[in-house]
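Below is one structure, written out as structure tokens; comments come after it.
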Amino acid sequence: MTTPVTTSSDTALSAVELTERHRPTLDRALEAIRTREYWSPHPEHPKAYGEGVEGAPEGSLSAGQGQAAFDALRGGRFEIEGQPGAGPEGGWTSTEVSPYGLEMGIEYPRPDLDVLLPAMREAMPSWRAAGPEVRAAVCLEILARISARTHEFAHAVMHTSGQAFMMALQAGGPHAQDRGMEAVAYAYAEQVRTPGSADWSKPQGKRDPLNLSKHFTPVGRGVSLLIGCNTFPTWNGYPGFFASLATGNPVLVKPHPRAVLPLALTVRIARDVLREAGFDANLVALAAERDGEGIAKELALRPEIRIIDYTGSTEFGDWLENNAHQARVFTEKAGVNTVVVDSTDDYKGMLGNLAFSLSLYSGQMCTTPQNLLIPRGGISTDAGEKSYDEVVADLATAVGKLLGDDARANALLGAIVNQQVRERVESAPSLGEVALESRTVEHPDFPGATVRTPVIVKLEAGKPGSEDVCFSEFFGPVSFAVAVDSTADAVEMLRRTVREKGAMTVGAYTTSPDVERMIEDACLDECAQLSLNLTGGVYVNQTAAFSDFHGSGGNPAANAALCDGAFVSDRFRTVEVRRQA
């Protein structure tokens with residue numbers, strides 16, 4: 001049973017109202033994670049939003065309204081109403097540079113952590129007392145309001161990550177919202193696994209039984225720190241954000257300095273909902289930093305921080321795991337994603353699928369394939385036997401054809417997110433024979449954007465110098481066609497790569513059941529997510545919430561999976577109170 005929670009505000013929400021509004025969605029999400037079937041409550045199409053649109057989220061912004069809302073934020077101060085220690089105490093900071101060259105000029109409040117963190121901890125008791133169902137309902141209300149502003153978020157994600165607009169709208173909007181809702185569903189399921197109360201009676205023969213009344217309360221660990229990433233601020237940020245909040249923890253959001261706006265908008269919306277529902281808005285707060293300040297390290301070691309969610313480089317992820325001992329650390333780091341090419345019964349489909357996977361968002365995804373392992377003796381296909389050189393040349397042709405039209409290229413590639421990725425593309429030809437050169441694409445709307453097509457380099461496994469390349473991550477539109485002696489050697493190289501360097505994704509193409517079993521066994525042994533024989537509209541670097549697991553938590557690329565029970569269960573503890581009955 002829930003207790004009404006009200007405030008003096010005209011927009012006050014009650015716990016009963018929120019749970020009645022969102023319980024059907026929560027139940028549907030719980031069913032989806034049980035069956036793993038396709039489901040999404042968040043529309044992907046841009047025209048699904050706006051006043052008067054049938055089925056649109058309540059109060060949703062149309063495309064024009066979303067653009068106007070984003071433009072209104074540029075060049076101003078982004079206030080966080082009521083956040084302690086923000087603004088005058090800590091100052092203001094502006095660090096975002098659009099990969100498209102658009103002037104952002106948004107200033108964010110820089111926090112005084114000694115003021116903010118104690119205030120966040122003080123917000124915990126009433127949030128804990130609300131219980132799992134009310135917390136889930138509040139989280140779903142936050143997501144509903146974010147969904148209504150999908151067009152605004154699309155521009156915010158586009159101009160901080162470099163994603164093309166449609167990808168920013170879908171991946172930064174509904175797909176990210178799906179991941180957040182998935183985390184809420186898992187969090188609720190894990191918290192209610194133990195009943196709230198139980199009557200315990202132990203028979204004592206002829207004597208009276210021993211009777212106890214027991215109560216069980218899920219208790220959050222403490223303040224949760226979300227360290228945001230540059231490339232997917234919402235998609236990678238929402239799972240940890242909502243998993244922690246739904247399990248009773250305050251969440252301090254520390255965005256990447258170049259991708260603040262999407263998470264700042266999230267914080268502002270979350271604080272509004274919490275306030276209206278009668279809770280302390282300081283359950284969610286923003287920690288923007290000055291360029292090069294590096295407050296993530298300082299925050300990660302603060303005793304108040306008990307949970308950390310991080311997406312980014314292996315170096316800093318390893319540092320967090322090895323140093324932030326007071327916190328439960330969830331990391332998604334770097335890996336070397338591999339595709340084994342043994343044979344195919346749809347050669348054209350395979351080439352098209354791989355070409356799209358290598359091109360999407362200029363390869364700036366943690367799931368983009370890097371090493372394509374191809375036998376030197378060639379492969380069998382429905383188009384006849386194909387030599388190694390033919391496979392590589394045909395793949396290069398497929399990528400070239402896919403991106404031959406500049407308008408389509410811009411829509412797929414987006415913009416290069418930072419100088420490091422650009423330098424990687426430019427230095428790739430020094431690593432081996434170039435099978436496909438990268439070219440510069442002009443963007444008609446944003447002349448300041450850096451848009452580059454993928455580069456494919458040929459390598460020989462076992463050749464001096466190639467091993468260092470094969471076992472290093474080259475984040476961005478850089479991939480290697482690696483000639484191996486046999487499919488068995490490719491599988492052995494796959495095993496070693498996942499074991500030593502990690503992988504978020506593995507792909508394979510084969511018509512042989514024996515080879516399929518060999519590759520599957522390797523991925524089961526090394527704990528890597530595998531996609532087999534993708535030739536249609538599903539790609540190795542895409543995962544669907546409620547059904548697919550992003551990462552496994554079982555190899556060096558990530559110590560957690562998005563999303564499973566383990567991702568949420570260690571964010572809270574169950575505390576028991578026993579009373580004599």
Side-chain angles (χ1 to χ4, degrees), residues 312-315 317-318 321 331-342 354 357-358 363-376 379 388 391-392 395 424 428 431-432 435 454-510 515-534 539-541 543 549-561:
S313 71
T314 297
E315 181 181 10
D318 288 345
E321 293 172 2
T331 60
E332 181 193 309
K333 301 176 288 188
V336 178
N337 301 318
T338 301
V339 176
V340 175
V341 182
D342 169 73
L354 286 173
S357 298
L358 298 179
Q364 298 170 126
M365 302 172 69
C366 63
T367 50
T368 300
Q370 176 179 304
N371 292 345
L372 311 176
L373 309 184
I374 307 167
R376 285 188 180 89
I379 67 171
Y388 163 82
V391 174
V392 178
L395 178 59
R424 227 168 271 136
L431 302 173
V455 57
I456 300 176
V457 177
K458 298 168 76 172
L459 294 176
E460 292 277 341
K463 186 177 180 180
S466 68
E467 179 156 315
D468 290 341
V469 176
C470 291
F471 287 87
S472 299
E473 187 199 22
F474 288 80
F475 184 76
V478 179
S479 58
F480 303 100
V482 184
V484 295
D485 288 337
S486 65
T487 297
D489 288 328
V491 175
E492 187 55 38
M493 186 173 180
L494 166 66
R495 282 181 177 274
R496 183 183 165 197
T497 301
V498 177
R499 185 184 307 127
E500 295 181 7
K501 299 299 180 180
M504 294 299 294
T505 56
V506 173
Y509 292 90
T510 182
V515 171
E516 182 174 317
R517 182 72 249 176
M518 184 165 56
I519 295 169
E520 187 174 347
D521 284 344
C523 290
L524 291 172
D525 291 344
E526 306 302 337
C527 211
Q529 311 293 17
L530 171 64
S531 297
L532 283 165
N533 298 319
L534 298 183
Y539 305 94
V540 67
N541 43 352
T543 58
F549 292 108
H550 176 74
S552 70
N555 68 67
N559 73 0

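For the numbers below, each heavy atom of this structure counts, side chains included, while hydrogens, waters and symmetry mates do not.
Here Ala561 pairs with Asp564 under the side-chain contact (heavy atoms from CB on, under 4.5 Å) rule; sequence neighbours left out. Not counting sequence neighbours, Glu473 has no partner by the salt bridge (charged side-chain N to carboxylate O under 4.0 Å, His left out) test. For Thr497, the side-chain contact (heavy atoms from CB on, under 4.5 Å) criterion is met by Val336, Thr338, Phe471, Met493, not counting sequence neighbours. Looking at residues two or more places apart in sequence or on another chain, you find no salt bridge (charged side-chain N to carboxylate O under 4.0 Å, His left out) involving Lys501. Residues passing the side-chain hydrogen bond (donor to acceptor under 3.5 Å, both in side chains) test with Glu516: none are found, sequence neighbours excluded. Listed by chain and residue number, Phe474 satisfy the side-chain contact (heavy atoms from CB on, under 4.5 Å) test with Ser472 (two or more places apart in sequence, or in another chain). Listed by chain and residue number, nothing satisfies the side-chain hydrogen bond (donor to acceptor under 3.5 Å, both in side chains) test with Arg424 (two or more places apart in sequence, or in another chain). A search for side-chain hydrogen bond (donor to acceptor under 3.5 Å, both in side chains) contacts involving Gln370 returns nothing, not counting sequence neighbours. In this view, Arg496 and Glu467, Glu500 satisfy the side-chain hydrogen bond (donor to acceptor under 3.5 Å, both in side chains) rule, not counting sequence neighbours. Here Asn559 pairs with Glu321, Arg328, Phe330, Thr331 under the side-chain contact (heavy atoms from CB on, under 4.5 Å) rule; sequence neighbours left out. Annotation: ring-ring contact (aromatic ring centres under 6.0 Å, His included) contacts of Tyr539 (sequence neighbours excluded): Phe356.
Nearest heavy atoms, Asn337 versus Thr368: ND2-O, 3.0 Å. Scanning both residues, Gly476 and Gln364, for their nearest heavy atoms gives CA-CG, 4.2 Å. Nearest heavy-atom pair, Ser552 versus Cys527, reported as atom, atom and distance to 0.1 Å: OG-O, 2.6 Å. Scanning both residues, Leu459 and Gly432, for their nearest heavy atoms gives CD2-CA, 4.5 Å. Annotation for Val491 and Ala522: closest pair CG1-CB, 3.9 Å, computed over non-hydrogen atoms. Residues Thr367 and Thr505 share a closest heavy-atom pair of O-OG1, 2.9 Å.
Put simply, the side chain of Asn555 gets close to the backbone of Ala503: a donor and an acceptor are under 3.5 Å apart. Judged purely by atom type and a 3.5 angstrom limit, Asn371 has no side-chain atom pairing as donor or acceptor with the backbone of Val339. Distance alone, capped at 3.5 Å, is enough to place a donor-acceptor pair between the Tyr509 side chain and the Leu534 backbone.
Counting heavy atoms from C-beta on, the side chains of Cys366 and Glu332 come closer than 4.5 Å. Proximity of Thr510 to Val340: side-chain heavy atoms (C-beta onward) are nowhere separated by under 4.5 Å.
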**Asked** Would His550 and Gln529 count as a side-chain hydrogen bond (donor to acceptor under 3.5 Å, both in side chains) if you check the C-alpha gap in whole Å, the side-chain angles of each, and the deciding distance to 0.1 Å?
**Response** CA-CA 8 Å; His550 176 74; Gln529 311 293 17; over 6 Å; no
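Atom CG in Asn541 sits 9.0 Å away from atom OG in Ser531 (nearest 0.5 Å). Expressed to the nearest 0.5 Å, how far CD of Glu526 lies from CZ of Arg499 amounts to 4.0 Å. In this structure, CG in Leu524 is found 12.0 Å from CD1 in Ile519, a value given to the nearest 0.5 Å.
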Identify every side-chain donor-acceptor pair in residues 478-490 under 3.5 Å, counting partners at least two apart or on other chains, and give the distances.
| residue | atom | partner | partner atom | Å |
| --- | --- | --- | --- | --- |
| Asp485 | OD1 | Arg376 | NH1 | 2.1 |
| Ser486 | OG | Ala488 | N | 3.4 |
| Ser486 | OG | Asp489 | N | 3.1 |
| Ser486 | OG | Asp489 | OD2 | 3.2 |
| Thr487 | OG1 | Asp342 | OD1 | 2.5 |

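Looking at Ile374, Val341, Leu372, Val457 one by one, the single match for side-chain contact (heavy atoms from CB on, under 4.5 Å) with Val392 turns out to be Ile374.
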